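Quick caveat: nothing in here was measured; it's all calculated off a predicted structure.
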Amino acid sequence: MNEVTQHGRSTAYRRFDRDAEGPTLLFVHGSGGSSAVWKSQARLADEYPVVAMDLSGHGDSEDIDADPGYSTLSVYADDVIAVAREVDAEVLVGNSLGGAVLLHVALERDYEPDALVLAGTGARLSVLDDLLDWLDDDFERAVEFLHGPDRLFHDPDEELREASSAMFRATGQDVVRRDFRTVHEFDVRGELDRVDAPALAVCGAEDQLTPPWFHEYLAENLPDAAYAAIEDAAHMAMLERPGAFNRVLTRFVEGLEDNGTIE
């Protein structure tokens with residue numbers, strides 16, 4: 001792992017670079033996750049430098065003391081900007097909470113990415129009241145619920161389901177609860193027209209946590225955005241159907257290069 005120090009804390013990231021000359025891609029995980037959820041996107045390192053980071057309190061990054069909501073979102077935005085500047089990232093890719101963080105960066109910070117990929121996310125990310133309650137009082141039930149049909153995954157094998165469940169447990173109840181309560185407060189539906197960067201809204205076609213219409217809304221309301229749905233996948237399409245996810249991402253980035261958005 002590599003790390004960058006910012007605001008008195010250490011933020012960890014993994015870099016996969018096989019001397020590719022394309023734009024650097026920075027991947028940001030969702031609630032309860034870590035850089036490990038992007039393991040299959042390391043395959044793209046033959047074409048692009050690939051960086052996957054751990055937000056504060058996740059993976060190998062130091063935790064912070066912040067209330068759920070705007071305070072936590074702001075800290076996570078600091079994490080992303082610090083790593084993005086350290087590695088000269090040009091395309092920011094975020095899943096779920098990670099997508100919310102990227103929209104926050106694009107709307108409220110002076111860091112201007114060349115492009116955004118918003119995967120399994122939305123302009124508003126309300127969470128079921130029952131799930132919020134279980135995250136408070138019955139963490140195992142919350143983890144089980146998230147791994148139900150067409151939530152995190154559409155039809156995963158048992159190894160993938162177990163690895164994902166273990167990741168949530170490793171992150172821990174306090175941080176996972178903070179993540180979900182943060183996204184529950186997130187709502188930028190009236191602000192999308194201020195996002196200057198071209199964007200791709202990509203989802204799993206079976207996702208019930210952030211359904212396809214969330215992404216259609218993003219594509220319709222962001223000034224310069226495209227939409228793509230990946231069949232036979234749910235919220236974590238990059239893990240469940242990595243080949244299809246990588247192809248969609250590659251086509252988007254190639255389009256940016258062809259039209260001169262990225263030099």
*Determine, stepwise, if the pair His58 / Asp54 fulfils side chain to side chain donor-acceptor pair (under 3.5 Å).*
CA-CA 6 Å; His58 304 74; Asp54 294 331; over 6 Å; no
*Quick one: do Leu26 and Val91 satisfy side chain to side chain contact (heavy atoms under 4.5 Å, CB included)? Show the steps, please.*
CA-CA 6 Å; Leu26 172 59; Val91 180; over 6 Å; no
*Could you go through the side chain to side chain donor-acceptor pair (under 3.5 Å) check for Ser10 and Glu3 one step at a time?*
CA-CA 6 Å; Ser10 175; Glu3 64 180 40; 3.1 Å; yes
*Could you go through the salt bridge (Lys or Arg N to Asp or Glu O under 4.0 Å) check for Arg181 and Asp136 one step at a time?*
CA-CA 10 Å; Arg181 291 197 171 274; Asp136 286 337; 2.7 Å; yes
*Tell me, with the steps shown, if Arg178 and Asp63 meet salt bridge (Lys or Arg N to Asp or Glu O under 4.0 Å).*
CA-CA 12 Å; Arg178 181 179 73 202; Asp63 203 0; 3.1 Å; yes
_The test is side chain to side chain contact (heavy atoms under 4.5 Å, CB included); show your working for Ile81 and Val105 and say whether it passes._
CA-CA 8 Å; Ile81 292 170; Val105 168; 4.2 Å; yes
*Given Met167 and Val37, is the side chain to side chain contact (heavy atoms under 4.5 Å, CB included) satisfied, shown in steps?*
CA-CA 9 Å; Met167 180 178 60; Val37 303; 3.5 Å; yes
*List the steps and the verdict of side chain to side chain contact (heavy atoms under 4.5 Å, CB included) for Thr72 and Asp67.*
CA-CA 6 Å; Thr72 291; Asp67 293 330; 5.7 Å; no
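Residues Pro212 and Gly204 approach most closely at CG-O, 4.0 Å, considering heavy atoms. Here the shortest heavy-atom pairing between Leu118 and Gly99 reads CD2-O, 3.8 Å. Looking at every heavy atom in both residues, Thr182 comes nearest to Gly69 through OG1-N, 3.0 Å. Across Gly22 and Pro49, no two heavy atoms sit closer than the pair O-CD, 3.2 Å. Across all non-hydrogen atoms, the minimal contact from Ser96 to Gly30 is CB-CA, 4.2 Å. Residues Ser61 and Ser56 share a closest heavy-atom pair of CB-CA, 4.1 Å.
Remark: aromatic rings of Phe168 and His147 are close, center separation under 6.0 Å. Taking the six-membered ring for Trp, Trp134 and Phe139 have ring centres at least 6.0 Å apart. Aromatic pair Tyr76/His29: ring centres not closer than 6.0 Å.
For the residue pair Asp78 and Gln6, no side-chain donor N or O sits within less than 3.5 Å of a side-chain acceptor on the partner. Judged by distance alone, the side chains of Thr210 and Asp207 do bring a donor and an acceptor atom under 3.5 Å apart. Between the side chains of Ser40 and Arg241, no donor-acceptor pair of N or O atoms lies under 3.5 Å. Side-chain contact check for Glu108 and Tyr70: at least one donor-acceptor pair (N or O, by modelled atom type) lies under 3.5 Å.
With rounding to the nearest 0.5 angstrom, the CG atom of Leu222 is 8.0 Å from the CG atom of Leu116. Taken to the nearest 0.5 Å, the CD atom of Glu21 stands 15.5 Å off from the CZ atom of Arg18. Interatomic distance, Phe245 CZ to Met236 CE, rounded to the nearest 0.5 Å: 10.0 Å. The NE2 atom of His235 sits 11.0 Å away from atom SG of Cys203, with the distance rounded to the nearest 0.5 Å. The OG1 atom of Thr121 sits 8.0 Å away from atom CG of Leu102, with the distance rounded to the nearest 0.5 Å. Distance check: His184 NE2 to Phe186 CZ gives 14.0 Å after rounding to the nearest 0.5 Å.
By the rule that hydrophobic residues join a cluster once side-chain heavy atoms approach within less than 4.5 Å of another member, Leu135 and Leu128 end up as members of one cluster. When hydrophobic clusters are built by joining Ile, Leu, Val, Met, Phe, Trp and Tyr residues whose side-chain heavy atoms come closer than 4.5 Å, directly or via intermediates, Val28 is grouped together with Tyr111. Linking ILVMFWY residues whenever their side-chain heavy atoms come closer than 4.5 Å, directly or via other members, leaves Tyr227 and Leu256 in distinct clusters. Using a 4.5 Å cut-off between side-chain heavy atoms of Ile, Leu, Val, Met, Phe, Trp and Tyr, with links allowed through other members, Leu107 and Leu218 fall into the same hydrophobic cluster. Under a hydrophobic clustering in which Ile, Leu, Val, Met, Phe, Trp and Tyr are joined whenever their side-chain heavy atoms come within less than 4.5 Å, directly or via other members, Trp213 and Leu209 fall into the same cluster.
Under 4.0 Å is where a charged nitrogen must lie from a carboxylate oxygen, and between Arg169 and Glu140 at least one such pair does. Ion pairing between a basic and an acidic side chain is recognised when a charged N comes within 4.0 Å of a carboxylate O; Arg251 and Glu254 show no such pairing. Under 4.0 Å is where a charged nitrogen must lie from a carboxylate oxygen, and between Arg85 and Asp88 no such pair does.
A donor-acceptor contact shorter than 3.5 Å links the side chain of Glu240 to the backbone of His154. For the pair Ser35 (side chain) and Arg14 (backbone), a donor-acceptor distance under 3.5 Å is absent. A donor-acceptor pair under 3.5 Å is formed between the side chain of Asp187 and the backbone N or O of Arg189. With Ser34 contributing its side chain and Ala36 its backbone, the two residues share a donor-acceptor pair below 3.5 Å. Using modelled atom types, one side-chain atom of Glu90 and one backbone atom of Thr24 make a donor-acceptor pair closer than 3.5 Å. For the pair Glu47 (side chain) and Ala20 (backbone), a donor-acceptor distance under 3.5 Å is absent. Formation of a donor-acceptor pair under 3.5 Å by the Gln41 side chain with backbone atoms of Asn246 is not found in this model. Side-chain atoms of Asn221 come within 3.5 Å of backbone atoms of Tyr217 as a donor-acceptor pair (strictly under, hydrogens ignored). At least one donor-acceptor pair closer than 3.5 Å links the side chain of Ser165 to the backbone N or O of Arg161. Looking only at distances, no side-chain donor or acceptor of Asp60 sits under 3.5 Å from a matching main-chain atom of Ala12.
Proximity of Phe27 to Val51: side-chain heavy atoms (C-beta onward) are nowhere separated by under 4.5 Å. Arg177 has its side chain out of reach of Ser31: every pair of non-hydrogen atoms, C-beta onward, lies at least 4.5 Å apart. Annotation: side chain of Asp79 is in contact with side chain of Met53 (closest heavy-atom distance under 4.5 Å). Side-chain contact check for Asp155 versus Glu206: every heavy-atom pair is 4.5 Å or farther apart. At least one side-chain heavy atom of Asn95 sits less than 4.5 Å from a side-chain heavy atom of Trp38. For the pair Val50 and Asp17, the minimum side-chain heavy-atom distance is 4.5 Å or more.
Screening Val175, Asp179, Leu97 against Leu55 for a side chain to side chain contact (heavy atoms under 4.5 Å, CB included) leaves a single residue, Leu97.
Within a 6.0 Å radius of CG in Asp65, no more than 12 heavy atoms belonging to other residues, nucleotides or ligands are found. More than 12 non-hydrogen atoms from other residues, nucleotides or ligands lie less than 6.0 angstrom from CD of Glu158.
A cation-pi arrangement, defined by a distance under 6.0 Å to the six-membered ring centre and an angle within 45 degrees of its axis, is present between Arg151 and Phe145.
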